[in-house]
Amino acid sequence: MIIDLLSLFPEMLDGVLRTSIVARAQKNQLLHCRPHNLRHWSTRKHRRVDDRPFGGGAGMVIQPEPLAQAIRDLKTEQAFVIYLCPDGTPFTTAIAQQLAQKSHLIFVSGHYEGIDQRIRDKYIDWEISIGDYVLTNGTLAAAVVIDAICRHIPGVLGNAVSLEQDSFSDGLLSPPQYTQPRVFEGMEVPEVLLSGDHAAIDRWRQRQRLERTRQRRPDLLNG
Ligand code: 4GN
């Protein structure tokens with residue numbers, strides 16, 4: 001999978017790309033991420049890409065020309081263009097799985113008051129939001145989506161089990177987890193986990209998942 005990112009702060013992605021599972025996916029050539037600085041496509045003095053909003057108001061808007069030229073330059077037959085914004089479709093595991101099937105994604109990251117609406121109308125295939133809050137720019141949101149997608153690319157995770165048992169994979173939250181030592185500051189590990197009875201452990205975990213979901217996220221149970 002090839003992922004292009006168009007941003008005013010492409011270097012914000014570097015830490016994510018250099019680290020952990022995303023880095024390994026790139027090394028194993030399952031993923032190739034290319035962060036681009038939108039200013040590269042500016043034709044104005046000082047490589048400016050923004051201007052004041054028509055109709056007035058605070059802030060600045062990213063102009064359409066550099067974005068259109070950048071998207072045209074990067075676009076392939078299979079390319080799917082995504083804009084990160086608070087008014088997009090709420091991001092979920094299901095969307096991550098769906099996007100992991102694509103071979104070429106182009107992420108557009110906005111700044112200030114966002115990008116010119118005509119780009120959204122003509123060049124963007126899907127608008128996605130990672131949650132009900134506003135970031136100073138969309139690059140961290142793109143990083144979140146890229147990380148979540150990456151885990152669903154075949155071969156990226158060591159064992160498929162870790163994916164299957166994730167929170168949300170079947171609509172339930174994860175159970176509590178414990179490791180050594182068996183007693184920590186007076187607190188013991190639940191007896192059943194030390195029993196070696198795998199059927200009993202599975203039942204206990206499933207009950208914990210249901211209980212946690214009921215307490216913390218009842219919306220997941222009721223749809
Ligand atoms: C996306 C972008 C939040 C999200 C963003 C989100 C960039 N903030 N919830 N900031 O996924 C237009 C206005 C682009 C905000 C700006």
Side-chain angles (χ1 to χ4, degrees), residues 1 3 5 12-13 15-17 19-25 31 82-102 105 107 109-110 114 126-223:
M1 172 186 281
I3 296 181
L5 170 74
M12 285 183 75
L13 201 63
V16 172
L17 300 183
T19 308
S20 184
I21 291 169
V22 178
R24 197 179 63 200
L31 178 68
I82 297 166
Y83 177 51
L84 286 312
C85 56
D87 41 346
T89 305
F91 187 58
T92 59
T93 286
I95 294 175
Q97 281 164 351
Q98 202 175 319
L99 293 178
Q101 313 292 314
K102 309 266 186 201
L105 299 175
F107 286 96
S109 163
W126 204 359
E127 301 187 336
I128 291 177
S129 165
I130 63 162
D132 288 340
Y133 40 82
V134 179
L135 305 167
T136 56
N137 82 84
T139 306
L140 281 180
V144 165
V145 172
I146 290 167
D147 185 291
I149 290 172
C150 178
R151 308 174 64 254
H152 294 281
I153 299 173
V156 164
L157 289 192
N159 55 353
V161 177
S162 48
L163 248 189
E164 281 160 25
Q165 290 182 354
D166 271 350
S167 287
F168 304 116
S169 61
D170 59 1
L172 294 180
L173 301 180
S174 296
Q177 300 286 4
Y178 298 86
T179 185
Q180 299 288 356
R182 282 169 69 149
V183 183
F184 168 69
E185 297 187 357
M187 296 177 284
E188 291 184 17
V189 172
E191 190 81 47
V192 63
L193 298 179
L194 311 173
S195 68
D197 182 345
H198 294 293
I201 291 170
D202 284 349
R203 281 196 303 277
W204 181 85
R205 285 189 168 144
Q206 201 57 19
R207 209 166 340 101
Q208 292 288 323
R209 300 182 68 211
L210 260 167
E211 188 53 26
R212 264 199 179 182
T213 308
R214 196 182 62 75
Q215 279 181 357
R216 299 178 184 210
R217 293 293 305 277
D219 58 300
L220 294 177
L221 294 175
N222 307 324

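Residue numbers run from 1 in the order of the sequence given. All heavy atoms count here, side chains included; hydrogens, waters and symmetry mates do not.
- Atom CD1 of Ile128 is separated from atom CG of Asp87 by 12.5 Å, given to the nearest 0.5 angstrom.
- Taking 4.5 Å as the limit, some side-chain heavy atom of Leu210 sits within range of a side-chain heavy atom of Leu221.
- Distance alone, capped at 3.5 Å, is enough to place a donor-acceptor pair between the Arg209 side chain and the Leu173 backbone.
- The 12-atom threshold is not exceeded at CD of Glu191, counting heavy atoms of other residues, nucleotides or ligands nearer than 6.0 Å.
- Heavy-atom minimum distance, Cys85 versus Glu127: SG-CB, 3.9 Å.
- Taking 4.5 Å as the limit, some side-chain heavy atom of His152 sits within range of a side-chain heavy atom of Thr93.
- Applying the 6.0 Å contact sphere to CZ of Phe184 captures no more than 12 heavy atoms from other residues, nucleotides or ligands.
- Residue Ser174 holds its OG atom at 12.0 Å from CD of Gln208, rounded to the nearest 0.5 Å.
- Residues Trp126 and Thr89 have side chains in contact (heavy-atom distance under 4.5 Å, counting atoms from C-beta outward).
- In this structure, CD1 on Ile153 lies 13.5 Å from NZ on Lys102, to the nearest 0.5 angstrom.
- Here the closest non-hydrogen pair linking Val156 and Arg24 is O-NH2, 2.8 Å.
- Under the 4.5 Å side-chain criterion, counting only non-hydrogen atoms from C-beta, Thr139 is not in contact with Phe107.
- Heavy atoms from other residues, nucleotides or ligands lying under 6.0 Å from CG of Asp170 number more than 12.
- Using a 4.5 Å heavy-atom cutoff, the side chains of Val145 and Ile82 are not in contact.
- Looking at heavy atoms from C-beta onward, Gln206 lies in side-chain contact with Leu172 at the 4.5 angstrom threshold.
- Taking each heavy atom of Ile130 and Phe91 in turn, the nearest pair found is CA-CB, 4.2 Å.
- The line from CZ of Arg212 to CG of Leu220 is 13.5 Å long, rounded to the nearest 0.5 Å.
- Residues Leu135 and Leu84 form no side-chain contact, since every pair of their non-hydrogen atoms from C-beta on lies 4.5 Å or further apart.
- Within the 3.5 Å criterion, the main-chain N or O of Gly138 finds a donor-acceptor partner in the side chain of Ser109.
- For the pair Asp197/Val192, no side-chain contact is recorded, criterion being any heavy-atom separation below 4.5 Å from C-beta on.
- To the nearest 0.5 Å, atom CG of residue Leu13 and atom CG of residue Leu5 are 5.5 Å apart.
- Rounding to the nearest 0.5 Å places CG of Leu193 at 11.0 Å from OG1 of Thr179.
- When all heavy atoms of Ile21 and Cys150 are compared, the closest pair comes out as O-SG, 4.3 Å.
- Summarising the geometry of Pro176 relative to Trp204, their closest heavy-atom pair is CG-CH2, 4.2 Å, with the distance given to 0.1 Å.
- The shortest heavy-atom contact between Val183 and Glu188 is CG2-CG, 3.9 Å.
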